[in-house]
Amino acid sequence: FGITALDGINDFLMAIKGKVEELQAEVQTASEARVALEAAMAATTAELEEKAAALAAVEAQANQTEATDQQAQETLQQAQGAHAQLTEQLANVVKELEDAASAKDEAIKAHVTAQKQLA
């Protein structure tokens, strides 16, 4: 009877030992999976941070472009105003030249008339 009981206890202990080894293997697998998951999360976080930095750079460039466009628009408006002033000044100079030419023609006619009257 003693040996059979000991064999039963031994079988029971061996079964427990097998179950403990199975659980240890599962814990090891879970631990490895956790490490892999943490590595994946770190990689994802780094990628998201990189994309956020790239987005910030794009936004900064867009803001700079918008500011440059606004400055260009203001410069264009100033140039258009200056062009309008110069066009007006040129028209005034042309008018003055036309008036001077007309006065010159009148003076020549008057001179010719005076010369004829003197002759």
Side-chain angles (χ1 to χ4, degrees):
F1 174 79
I3 292 178
T4 306
L6 288 176
D7 284 343
I9 291 172
N10 192 37
D11 289 345
F12 178 71
L13 290 176
M14 291 302 280
I16 289 175
K17 181 181 175 188
K19 190 64 175 174
V20 167
E21 288 173 352
E22 278 182 35
L23 292 174
Q24 285 175 333
E26 287 180 19
V27 167
Q28 180 64 30
T29 301
S31 177
E32 290 170 359
R34 180 183 56 83
V35 169
L37 180 60
E38 287 174 352
M41 287 174 56
T44 301
T45 299
E47 185 178 334
L48 288 175
E49 288 171 350
E50 184 179 313
K51 288 182 179 183
L55 178 60
V58 168
E59 288 175 345
Q61 182 63 39
N63 290 340
Q64 180 63 38
T65 300
E66 185 177 336
T68 301
D69 286 350
Q70 186 175 357
Q71 289 174 342
Q73 185 65 31
E74 290 170 2
T75 301
L76 176 61
Q77 289 174 351
Q78 291 171 353
Q80 288 172 335
H83 180 264
Q85 288 177 340
L86 289 174
T87 301
E88 183 180 341
Q89 290 173 356
L90 180 59
N92 291 339
V93 168
V94 168
K95 174 73 169 119
E96 289 174 8
L97 287 174
E98 288 173 348
D99 291 347
S102 178
K104 176 185 165 195
D105 289 344
E106 291 299 320
I108 291 172
K109 286 180 188 176
H111 179 71
V112 168
T113 302
Q115 287 292 329
K116 286 182 183 177
Q117 289 175 353
L118 290 175

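Here NZ of Lys104 is found 11.5 Å from CG of Leu97. Values are rounded to the nearest 0.5 Å. Atom-to-atom distance recorded for Gln71:CD and Leu76:CG is 13.5 Å, nearest 0.5 angstrom. Atoms NZ and NE2, on Lys116 and His111 in that order, are 12.0 Å from each other to the nearest 0.5 Å. Taken to the nearest 0.5 Å, the OG1 atom of Thr68 stands 10.5 Å off from the CG atom of Asn63. From Thr113, atom OG1 reaches atom CD of Gln117 across 6.5 Å, with rounding to the nearest 0.5 Å. A distance of 6.5 Å separates CD in Glu47 from OG1 in Thr44, rounded to the nearest 0.5 Å.
No continuous path of ILVMFWY side-chain contacts below 4.5 Å connects Val94 to Leu86, so the two sit in separate hydrophobic clusters.
A donor-acceptor pair under 3.5 Å links the side-chain atoms of Thr87 to the main chain of His83, judged by distance alone.
Remark: Glu50 CD is loosely packed, at most 12 non-hydrogen atoms of other residues, nucleotides or ligands lying under 6.0 Å away.
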task = Start with the C-alpha gap between Gln28 and Gln24, add the side-chain angles, then the distance that decides, and say whether side-chain hydrogen bond (donor to acceptor under 3.5 Å, both in side chains) holds.
result = CA-CA 6 Å; Gln28 180 64 30; Gln24 285 175 333; over 6 Å; no

query = Hey, mind stepping through Glu49 and Thr45 against side-chain contact (heavy atoms from CB on, under 4.5 Å) and telling me if it holds?
reply = CA-CA 6 Å; Glu49 288 171 350; Thr45 299; 3.7 Å; yes

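Salt bridge annotation for Lys95-Glu98: absent, with no cationic side-chain nitrogen under 4.0 angstrom from a carboxylate oxygen. Classification of Lys109 and Asp105 as a salt-bridged pair fails, no side-chain N sitting under 4.0 Å from a carboxylate O.
Proximity of Glu66 to Gln70: side-chain heavy atoms (C-beta onward) are nowhere separated by under 4.5 Å.
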